[in-house]
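Excluded from the calculations below are hydrogen atoms, water molecules and symmetry mates; all remaining heavy atoms, backbone and side chain alike, are included. Ligands are counted one by one from 1 in listed order, and the atoms in each one are counted from 1 as well.
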Amino acid sequence: MTSPTGKRVLLAAPRGYCAGVDRAVIAVEKALEHYGAPVYVRKEIVHNKYVVESLSDKGAVFVEETDEVPEGARVVFSAHGVSPAVHEAAAQRNLQTIDATCPLVTKVHKEAVRFAADDYDILLIGHEGHEEVEGTAGEAPDHVQIVNSPDDAANVTVRDPEKVVWISQTTLSVDETMETVDRLRERFPTLQNPPSDDICYATQNRQVAVKKLAPECELVIVVGSANSSNSVRLVEVALGAGADASYRIDRAQEMDESWLDGVTTVGVTSGASVPEILVNDVLAYLAERGYGEVQEVRTATEDLMFSLPKELRADLKAAGNAPARPRRENRTSLSVEPV
Ligand code: SF4
């Protein structure tokens with residue numbers, strides 16, 4: 001039903017959990033159920049405060065490095081992936097590892113290894129210091145240079161301009177990445193593309209959905225944590241696509257009443273590491289303020305699922321506890337009209 005005030009919410013779809021996050025979170029939950037607490041997790045399993053706090057409450061212990069994990073204990077590697085050096089450090093401490101690296105990140109690692117073996121200079125477009133970039137660069141440290149932004153393309157030096165390839169972090173802005181590639185190609189005309197898209201399907205789908213709704217919105221709210229690359233990119237994409245304002249929040253309590261001044265249409269989306277409960281809280285907050293009409297703007301349907309990490313799968317199977325793993329519902333519990 002249309003609101004008499006015209007106030008409404010456009011709710012992006014797809015939004016929220018991707019297949020890699022779903023798998024990583026379930027891996028920690030299953031590990032806790034099967035082995036019992038504590039289960040150590042190197043770095044945040046996914047970049048979302050709520051998820052990390054929920055898993056901590058169940059007995060997961062988050063550490064920064066493997067040397068904080070007791071010798072011989074069990075540790076889960078996060079969805080962002082780790083470098084070979086981290087695997088080696090874990091082996092030296094006899095840690096029992098469960099590798100929850102997203103298979104789409106692993107794919108980029110393999111590209112780095114392959115191009116390094118062919119002695120290419122590899123230009124890794126991504127954010128220096130991000131865990132995923134550290135992990136990918138660590139596969140071939142002698143061949144990889146990190147390119148942070150389009151402007152950074154000017155700083156790249158290579159050994160042989162005829163033998164250069166670019167690869168990328170999985171959670172970047174598609175448009176900004178292509179701008180960086182264009183600038184690199186101006187300098188290295190034969191720059192080779194990666195064999196397939198490195199920016200993953202989930203990142204791309206969430207950006208396409210927010211691009212579609214943003215031109216109709218005075219405000220776009222992105223639910224996601226500050227260290228979630230794909231969530232931060234969604235704010236940039238919303239603004240670039242025509243939203244008057246866009247804010248990223250971890251949860252509904254961070255909403256500011258003043259953001260709604262003069263606003264008729266609010267866009268809502270969430271990053272790939274955000275559980276739907278946090279989006280529902282934002283929708284409830286908005287409904288209380290007159291934005292009870294919610295229209296879904298769907299640009300794609302996702303049904304990808306990844307099986308659990310092989311180490312965990314094997315232990316669950318040996319215990320006669322093979323995991324049936326339905327994908328989590330990612331729909332709002334409020335009434336939503338498709339548009
Ligand atoms: S955002 Fe993409 S690469 Fe990252 S965990 Fe999700 S599916 Fe994997």
Legend entry - Proximity winner for atom 1 (S) of ligand 1, if only heavy atoms of Cys200, Gly81, Gly271 are counted: Cys200
Legend entry - Sub-4.0 Å atoms of ligand 1 with respect to non-hydrogen atoms of Gly20: 5 (S), 7 (S)
Inset, instruction - Determine the interplanar angle of the Tyr120 and Phe115 rings, folded into 0 to 90°, and report it as parallel if under 30°, tilted if 30 to 60°, perpendicular if over 60°. - result: perpendicular
Inset, instruction - Please check if Val133 and Val105 belong to a single hydrophobic cluster, counting links between Ile, Leu, Val, Met, Phe, Trp and Tyr side chain heavy atoms closer than 4.5 Å. - result: no
Inset, instruction - Taking both backbone and side-chain atoms into account, decide whether Cys18 has an N/O/S atom under 2.8 Å from atom 2 (Fe) of ligand 1. - result: no
Legend entry - More than 12 heavy atoms of other groups within 6.0 Å of Lys43 NZ: yes
Legend entry - cation_pi(Arg42, Tyr40) dist<6.0 Å, angle<=45: no
Legend entry - Numbered atoms of ligand 1 (with element) below 4.0 Å of Tyr201, judged on heavy atoms: 7 (S)
Legend entry - From Cys102, Ala272, Ser273, Ser229 - option closest to atom 5 (S) of ligand 1 by heavy atom: Cys102
Legend entry - Charged N-O contact under 4.0 Å between Asp119 and Arg159: yes
Legend entry - Distance from atom 4 (Fe) of ligand 1 to nearest protein heavy atom, with residue and atom: Thr170 OG1, 4.0 Å
